[in-house]
Protein chains: 2
Amino acid sequence: MTSKQPTTRIRRSPEQVRAAVHQAVIDLLCDPQGEDLNIPAIAQRAGVNHTSVYRRWGNLDALLADTATTRLERDSPLNDTGTLRGDLLAWAEASVASMRTPEGRALVRAVMLSMPNSTQAKADRAQHFQRRMHSIEQIRRRATARGENPPPLEQILDQLIAPFYIRSIFGIDPPATGYPELLVDRLLGNGNGHRSGGASTAT
Amino acid sequence: MTSKQPTTRIRRSPEQVRAAVHQAVIDLLCDPQGEDLNIPAIAQRAGVNHTSVYRRWGNLDALLADTATTRLERDSPLNDTGTLRGDLLAWAEASVASMRTPEGRALVRAVMLSMPNSTQAKADRAQHFQRRMHSIEQIRRRATARGENPPPLEQILDQLIAPFYIRSIFGIDPPATGYPELLVDRLLGNGNGHRSGGASTAT
DNA sequence: CATCGTAAGCACAGATGTTTGCTTTGCAGC
DNA sequence: GCTGCAAAGCAAACATCTGTGCTTACGATG
């Protein structure tokens with residue numbers, strides 16, 4: 001009688017498992033002192049069986065991508081301020097605030113790590129990029145609808161988004177004050193390449 | 001008699017092994033269709049025993065970092081053009097050219113991948129950053145010695161280096177023509193935040 | 001020419017990651 | 001209530017990665 005007690009076998013709902021695993025990814029990405037990320041460790045931290053993780057996500061890249069997109073979409077409310085500059089500033093301020101938290105930096109790292117390995121080519125990365133740029137595209141669309149003339153996406157990528165990523169990668173803290181304004185002013189205020197629409201460039 | 005033929009055991013010199021392993025890292029980073037990078041695969045591709053790789057580099061991160069820094073330093077000759085703008089432009093042009101080759105993109109990915117995992121904190125990443133910024137610092141030093149007033153490193157990071165990285169990450173091709181000039185002009189020509197030497201802020 | 005140190009190669013063992021077959025749970029539809 | 005489905009849990013096999021002791025080749029030094 002090795003006393004198999006079938007009653008002790010409890011399980012959580014799929015949503016609970018999903019949330020717990022996502023949280024475990026973030027935690028391990030924030031905390032680890034030299035440990036590297038892998039599925040058994042994530043599953044243990046989340047308190048779920050590792051086979052559940054393997055069956056649901058298949059591999060680490062997919063799990064990282066899912067975690068990153070889920071959290072990033074949840075955390076970017078995308079409020080309408082009425083002007084292009086206001087929207088960009090709000091976006092940049094939210095990004096800077098996020099960058100100052102371990103969790104925010106972990107999410108950027110998750111985006112990075114999820115990308116390079118298994119994706120067969122540009123297709124996956126481009127799709128990933130589209131998802132990540134969704135809020136920016138919405139800001140641009142709204143500006144166009146208002147009659148403003150927003151910079152092209154590529155320029156926003158180069159001047160607004162790229163600095164956030166590079167700093168997260170290398171662990172360079174943003175300037176203590178005025179950094180969102182600085183980047184948005186550079187983006188909208190410079191005269192070469194693109195001229196932004198009219199009145200919103202007043203200081 | 002399983003015919004141990006001691007004569008067949010040939011070996012290459014340490015330098016040959018190092019070069020072969022570096023090349024294998026680049027190859028696997030360029031080519032793989034969904035395969036993920038690991039030491040046994042690298043060793044096999046390089047034609048060396050995997051134990052040699054483990055003993056020399058210890059782990060994948062260190063190998064990636066070594067490969068990236070070695071190749072990047074080898075491929076950035078750093079010629080002196082006589083002006084800050086010329087030096088930055090040369091640097092940017094070399095970077096764009098490198099970004100257009102699979103090997104160049106692989107090196108950027110190697111830098112990314114080598115960073116996040118085991119490094120215990122900011123210390124390692126900061127050091128890595130210093131090495132990567134070495135050529136830029138030299139350009140700034142030369143400009144200062146000439147009496148020019150180069151932008152601070154952070155601004156060069158945000159406006160010149162960050163775009164290259166972000167595009168490599170997401171696989172976004174740079175504009176076909178004029179991209180280096182565009183970035184350098186934005187960097188040196190804008191009037192807010194930092195004023196570069198002289199009257200270059202004219203529109 | 002002999003000797004010695006360094007580093008690569010080999011075989012094998014241990015640890016870890018990944019996958020599979022099956023059982024059990026919770027929930028929805030009848 | 002009963003039944004069936006989807007998904008989580010469990011255990012064990014399977015594959016792969018990582019590390020160790022030892023042998024062997026190459027080059028430097030005397």
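Residue numbers begin at 1 in each chain, while the letters A, B, ... track the order of the sequences.
- The nearest whole Å value for the distance from the CG atom in A:Asn49 to the P atom in C:dC22 is 17 Å.
- Look at CG on A:Asp36: it is 11 Å from C1' on C:dG17, rounded to the nearest Å.
- With respect to A:Asp173 and A:Arg100, no salt bridge is recorded, no charged nitrogen being found less than 4.0 Å from a carboxylate O.
- Salt-bridge check for A:Arg131 with A:Glu73: passed, with a basic side-chain N closer than 4.0 Å to an acidic carboxylate O.
- B:Arg56 has no carboxylate O lying under 4.0 Å from a charged side-chain N of B:Asp66, or vice versa, which leaves the two without a salt bridge.
- For the pair B:Thr144 and B:Pro150, the minimum side-chain heavy-atom distance is below 4.5 Å.
- Less than 4.0 Å separates DNA chain D from at least one heavy atom of each of the following residues of residues 50-58 of chain B: B:His50, B:Thr51, B:Tyr54, B:Arg55, B:Gly58.
- The side chain of A:Asn38 sits closest to C:dG17 out of C:dT18, C:dG9, C:dG17.
- In this structure, A:Glu137 pairs ionically with A:Arg140, as a charged nitrogen and a carboxylate oxygen lie closer than 4.0 Å.
- Remark: A:Asp80 engages A:Arg146 in a salt bridge, criterion side-chain N to carboxylate O under 4.0 Å.
- Partners of A:Tyr179 according to the ring pair (Phe, Tyr, Trp, His ring centres under 6.0 Å) rule, which considers only residues two or more places apart in sequence or in another chain, do not exist here.
- Ionic pairing of A:Glu154 and B:Arg167 is present here: one or more N-O contacts between side-chain nitrogen and carboxylate oxygen are shorter than 4.0 angstrom.
- For B:Thr83, there are no side chain to side chain donor-acceptor pair (under 3.5 Å) partners, not counting sequence neighbours.
- A heavy atom closer than 4.0 Å to some atom of DNA chain C occurs in no member of residues 40-47 of chain B.
- A heavy-atom distance below 4.0 Å to DNA chain D is reached by these residues of residues 13-24 of chain A, ordered by number: A:Pro14, A:Val17.
- Looking at residues two or more places apart in sequence or on another chain, you find a side chain to side chain donor-acceptor pair (under 3.5 Å) between A:Arg71 and A:Gln23, A:Glu103.
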